[in-house]
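As the structure is a computational prediction, the values presented were derived from the model and not from experiment. Side chains are part of it too, since the values below use all heavy atoms of this structure and drop only hydrogens, waters and symmetry mates. Reminder, nothing fancy here: chain letters follow the sequence lines and each chain counts from 1.
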Amino acid sequence: MPVHNSEIAAMFDHVADLLEIQDANPFRVRAYRNAADTVRDQSRSVAAMLDEGADLAELPDIGDDLAGKIAVIVRTGHLALLDEISDDVPEAIVAATRIPGIGPKRARKLFDALDLTSLDDLEKAAEDGRIARIAGFGEKTQARIRDELARGDITERRLRIDTAEEFGEPLLAWIRGIDGMEKAEIAGSYRRRKETVGDLDILVAGRDGGKIIERFTAYDEVEDIASKGKTRSTVTLRSGLQVDLRVIPSLSWGAALHYFTGSKAHNIAGRRRAQDRGLKLNEYGLFKGDEQIAGANETQIYDGIGLPWIDPVLRENRGEIEAAENGQLPDLVELGDVKGDLHAHTTASDGKNTLCEMAAAAKRQGYEYLAITDHSKSQTQAGGLGADELAAQIDAIAELNEKIDGIRLLAGCEVDILKDGGLDFHDSLLERLDLVVASVHSNFALDEDAQTERIIRAMDNPLVHIIGHPTGRLIGQRRAYALDIERLVGAARTRGCALELNANPIRLDLKDVHCRLAAEHGVRIAISTDAHSTGGLDHMRYGIDQARRGWLERGDVLNTLGLDDLVKALKRN
DNA sequence: GCCGTTTTCGGCCCGACTGTTTTCAGTCG
């Protein structure tokens, strides 16, 4: 069983957590966290890289020591250091650091001072007043610990980007109505368009921070105010979403926007560049000594550290700074480049709108084409079409195309990939289609080899144009099935098959680093909404955001082709 | 533990806020 990057990264993060509690050298702790980030961000499996004899010490923030540890993990599945320090630090202390306001130092002090061994112990101590008697702790801290533990939910909770928008956009609109407010934006991972966000970082330019924050904390969805100063406040909304607000002067707007957009790794790299130039970069601006030499807008900030402006979606320290330096930033695909949607359902299977309605909605999107891809017969619960029904739909689409202007419907199907990699319809029927999307909807539990081979076998059929939602994950609900992405990408390339980036915000499948991997190998990506209603076509923008995070350019995306070019591109042999 | 045109030691990003103190450590982003 190959060791996955995420498992190695989790081990390193765990080591960092434990070392921190042991009060180890903070830079050593950071080294483990940086290495975890590096491993997690690799689009290729480091186990496979090792197999090929790669020197992992060439990766950023991985030196000889950690490269050696990775090799051991890959070989044995274990990390001796982790086993050792796990014995010394109760897991409950790590869990306690997830309580807001409790970090490694205070968590350890709590457990040591009161001789605790579990979170239950900690909760009891909070209830009977023992915590407030520890030096450095008081009533407020005790109450917070008690309340957090009583809620029973101190695990990390991230919201999908579309959910975050539901709360964030109305709040932003409300903030923009506050007196004395000059500008406001949501920064953080929201602005970087990550698939999930942990909290909202809202930035406001204005003069009287105290007044603005006073109004902000009066928003009617605010349930709890964790902190409230003249420039900064943290609240929790009724929905449980944490919101951080910062007020800064207009002269620092660009610096602050840059700073609070992150990512942390991108910022650190930026501050290092500033240092290298004898400058200091913080959220107020770029400084030479005491003199502010940039700050009002982001372009100035980047200019000051010798770079062109970098799109927020790229700010993950995954090579964007080097690319910017060399004038090789990607010319990212945009929503306006999209000429059509290649995956949509109708009432014929489990969609909510008819062929006609979907066609009209696609025309309103300004598209040249829309592929109708209802489910195939194995998808009984989704009203999958039988062979006769699909044949009838092909005729209905031909007929409708005669009658309508300004949009071309492509006759397609989202055909099930069966357990053995065969398809749910005979080639004689698939041949009549303009477009075939092949997807896995069953047997998720196959092992990695079997699952990978199953999908590759489906691609062996030249009638298949696109593999739909290739990894099957549902964000926050279902893990991706076991799959060797690199093999899949390699197979897609040699077969001329495209991979889907499903734009539905619950899927966003492929994810960003895998899109980048595919594009690097010359595999085209189809960004498709998998719309089950006319409204579902609007999800395209989430797919575009994800594609941009994956460094995709227009030429990497199948459905940026106009109709004629698309039809040519769909001829696989 | 990583890193290096200041290169094998000695650095490692930076500021606001809270709670508990009474000048600051810890936490957070």
Side-chain angles (χ1 to χ4, degrees), chain A residues 12 15-16 19-21 23-39 56-70 79 81 96-110 131-145 156 187-190 192 197-203 209-210 213 217 225-235 242-248 252 255-256 258-287 305 317:
Chain A
F12 284 170
V15 168
L19 285 177
E20 213 168 13
I21 289 163
D23 205 18
N25 177 349
F27 299 106
R28 185 174 172 221
V29 173
R30 188 187 295 170
Y32 276 96
R33 291 207 197 286
N34 288 343
D37 287 344
T38 294
V39 171
L56 297 182
E58 283 172 14
L59 296 174
D61 297 325
I62 308 277
D64 287 339
D65 181 88
L66 289 179
K69 287 193 167 75
I70 292 172
L79 177 58
L81 172 66
T97 63
R98 297 195 199 111
I99 299 169
I102 302 298
K105 300 266 193 302
R106 290 158 70 77
R108 184 168 169 212
K109 190 166 182 185
L110 275 173
I131 290 177
R133 293 200 290 271
I134 305 172
F137 289 78
E139 292 292 338
K140 280 194 169 179
T141 306
Q142 176 167 276
R144 161 166 283 167
I145 291 171
E156 188 188 26
S189 46
Y190 188 94
R192 302 201 311 280
V197 303
D199 59 14
L200 291 181
D201 295 303
I202 304 185
L203 195 61
I213 281 170
T217 54
I225 302 172
S227 72
K228 186 170 149 184
K230 282 187 168 33
T231 67
R232 179 172 166 175
S233 170
T234 299
V235 304
Q242 182 177 305
V243 183
D244 293 326
L245 186 89
R246 277 96 168 182
V247 183
I248 43 93
S252 297
H258 175 260
Y259 184 91
F260 291 115
T261 294
S263 64
K264 202 170 174 181
H266 179 88
N267 283 354
I268 289 171
R271 284 195 285 275
R272 286 228 180 88
R273 276 185 83 85
Q275 274 193 333
D276 290 346
R277 286 166 171 69
L279 307 171
K280 189 176 74 170
L281 178 59
N282 61 26
E283 59 263 55
Y284 296 106
L286 186 63
F287 296 88
I305 56 175
N317 200 25

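Using a 4.0 Å heavy-atom cutoff across all strands shown, A:Asn267 reaches no nucleic acid atom at all. The residue A:Pro60 sits close only to the backbone: its heavy atoms come under 4.0 Å of sugar-phosphate atoms, none of a base.
The shortest side-chain heavy-atom distance between A:Ser233 and A:Thr217 falls under the 4.5 Å cut-off.
OP1 and OP2 of B:dC28 both lie 4.0 Å or more from every side-chain N or O belonging to A:Gln242. Neither OP1 nor OP2 of B:dG11 sits under 4.0 Å from any side-chain N or O of A:Gln275. For the pair A:Arg30 and B:dG1, the criterion of a side-chain N or O lying under 4.0 Å from OP1 or OP2 is not met. The side chain of A:Lys109 places no N or O atom within less than 4.0 Å of a non-bridging phosphate oxygen (OP1 or OP2) of B:dG26.
Straight-line distance between the C1' atoms of B:dT18 and B:dT8: roughly 42 Å, to the nearest whole Å. Comparing the C1' positions of B:dG26 and B:dT21 gives a spacing of 13 Å, expressed to the nearest Å.
Listed by chain and number, the residues in a ring pair (Phe, Tyr, Trp, His ring centres under 6.0 Å) with A:Tyr32 are A:Phe12 (sequence neighbours excluded). Under the side-chain hydrogen bond (donor to acceptor under 3.5 Å, both in side chains) criterion, A:Lys280 pairs with no residue at all, not counting sequence neighbours. Residues passing the salt bridge (charged side-chain N to carboxylate O under 4.0 Å, His left out) test with A:Lys140: none are found, sequence neighbours excluded. Take A:Asp201 and apply the side-chain hydrogen bond (donor to acceptor under 3.5 Å, both in side chains) test, not counting sequence neighbours, and it matches A:Arg246.
Screening residues 265-275 of chain A for salt bridge (Lys or Arg N to Asp or Glu O under 4.0 Å), with sequence neighbours left out, gives A:Arg273-A:Glu325.
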Produce a footprint string for nucleotides 15-23 of chain B: one letter per nucleotide, 5' end first; B if the base is under 4.0 Å from any protein heavy atom, S if only the sugar-phosphate is, - if neither. BSSSSS---
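For A:Asn25 against B:dG1, a side-chain N or O and a base N or O form a donor-acceptor pair under 3.5 Å.
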